[in-house]
Amino acid sequence: MDLPYLLSLGILGHRTWPWNAGQTTRTVQSPGGENARNLEMSDVTPAQLKEWEDLQLHLRSSLQDVDDTECVIDGLRRVGGLDISFEDGTNRATAVLVVCEFDNDCLKPVYEDAVDVDMALPYISGFLFLREIPAYERLLHRLRESAPHLEPDVFLVDGSGLFHPRQCGSASHFGIVHGLRTIGVAKKLLCFDDFTREQGQMAEEHVLQNFGDSIPLIGKSGVTYGFAVRTSTAKPKGNQDASMRRLYVSIGHRFSQSTARDVVLKCCNVEGGSYIPEPIRLADLTGRAIERAWKQIHTTSKPAARQMIMDVSNLLDDKQRKTILSILDEVGVGPCATLASVPAESIKRKQATKDELFLPFQEMVTDVMVPELRAALRMEKPWAVQLRKASLRYQQAGKAMRAVLS
DNA sequence: GCGACAG
DNA sequence: ATCTTGTCGC
């Protein structure tokens, strides 16, 4: 790869993007974000667009569209899912990475991390990478810092890969820049010059009768961009609706199209799953839970409250949140108090609970009001119950979960 | 000029 | 991405 070229675009070295330099070093912004106004296409010049197109074309030349010989589908241990949930009406969002591990045919979450992002650019079809990749890079960096032994064999990315006007959607972009195996998973069809709306309509109308059925998405040029795949296991009962939901799967990097399809199918065919592959579905649920909690309190909150919600999601499991909530109920702390005003002596709990949960938590969230704490602690994430085993005492505010070796 | 447009 | 509405199934 042409390193000087990429360096000139600020692409390498993880977090040195020209348009949001410093994002990772600045702390949580004021509620609503610094970019509270709506981002518009007019923020982007044609020259910038051309530069980004050139970057996509350049990266495309390094895309590996065959399977790694050392990683066949049966050898797949862990799968990561990346997704971003937005706060309504602002440019703020929560990006989430969930890593799942295969246990026979079940997929169990073994790692989860959420970060706050403040979008600097508008959504532009064909340039999703601008908005999402900086956040994905932060999540990758934090994973490698706090749980390198849990790095997945493949990342499923919410968006397209090769199925893209320049054959380099965000899934490929992320995979190529970091040398990772990636697969693009889109819920909607993307049409462009070589894959027209007419061809898209044909693909959409093609009946996929059973789970696993698929048709290739072939462009006018003959390129196979990916597959439309029936990933819903719902029975073909009612005519068509949710049961007709399908995904548009395309390779990101270091996969063949057919293996990418099979990996996505394997991640959908799990107990309690949906038509969305499990790691992405869980990442989406977590992002929504965080945004729901934030919505309840952000009007009156300090900026620190946003980070507090991330910490509660990242570092506490279901049981730990409930324990702290019940302690707050028992102590009867007033709405204008902070957690610091709760004396440890007044808590009627086992010493271990105080030492390993309450006191570290108290230290972690010093200047957040109790009503805001309650809203965060009431966050509902039942799927993450058995996710963490590390004591809060050994975790640190602002960090990703510290996953325990097992 | 107008609509379309992964998330 | 987000919203809504209706329908089906557990």
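So you know, we letter chains A, B, ... as the sequences are listed, proteins then strands, and number each from 1. Any value given below was found using the heavy atoms of this structure, including those in side chains, with hydrogens, waters and symmetry copies removed.
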Checklist entry - Do A:Tyr248 and A:Tyr225 have ring centroids that are under 6.0 Å from one another? => result no
Item to check | A:Arg131 vs A:Ile84, side-chain contact (heavy atoms from CB on, under 4.5 Å): CA-CA, chis, key distance, verdict | outcome: CA-CA 10 Å; A:Arg131 278 163 78 82; A:Ile84 300 184; over 6 Å; no
Checklist entry - Within the structure shown, what part of the strands sits under 4.0 Å from A:Gly126 by heavy-atom distance: base, sugar-phosphate, or nothing? => result base
Next on the checklist: Only Watson-Crick and G-U wobble pairs with both distances less than 3.5 Å should count. Give DNA chain C in dot-bracket notation, marking inter-strand partners with |.
Outcome noted: ..........
Checklist entry - Are any of the side-chain nitrogens in A:Glu145 or A:Arg142 under 4.0 Å away from the carboxylate oxygens of its partner? => result no
Item to check | Any A:Tyr136 side-chain heavy atom under 4.5 Å of A:Val117 side chain | outcome: no
Item to check | Whole-angstrom distance between B:dC5 and C:dT2, as gauged at atom C1' | outcome: 16 Å
Checklist entry - Nearest 0.5 Å, what's the OG1-CD1 distance between A:Thr94 and A:Ile309? => result 8.5 Å
Item to check | A:Glu330 CD: over 12 foreign heavy atoms closer than 6.0 Å | outcome: yes
Show me the protein contacts with nucleotides 1-4 of chain C, counting only N or O atoms at under 3.5 Å.
unit_1: C:dA1; atom_1: OP2; unit_2: A:Lys187; atom_2: NZ; d: 2.9

Item to check | Qualifying residues under salt bridge (charged side-chain N to carboxylate O under 4.0 Å, His left out), relative to A:Glu112, sequence neighbours excluded | outcome: A:Lys381, A:Arg388
Checklist entry - Among side-chain atoms of A:Thr196 and A:Gln199, is any donor-acceptor pair under 3.5 angstrom? => result yes
Donor-acceptor contacts under 3.5 Å from residues 201-208 of chain A side chains, at least two apart:
unit_1: A:Gln201; atom_1: NE2; unit_2: A:Glu205; atom_2: OE2; d: 3.3

Checklist outcome for this item: DNA chain B: first to last nucleotide in contact with chain A (atom under 4.0 angstrom from a heavy atom), 5' to 3', is B:dA4 to B:dG7
Item to check | side-chain hydrogen bond (donor to acceptor under 3.5 Å, both in side chains) involving A:Gln395 - partner list, sequence neighbours excluded | outcome: none
Next on the checklist: Mind checking if A:Phe195 touches a base, just sugar-phosphate, or nothing, with heavy atoms under 4.0 Å?
Outcome noted: nothing
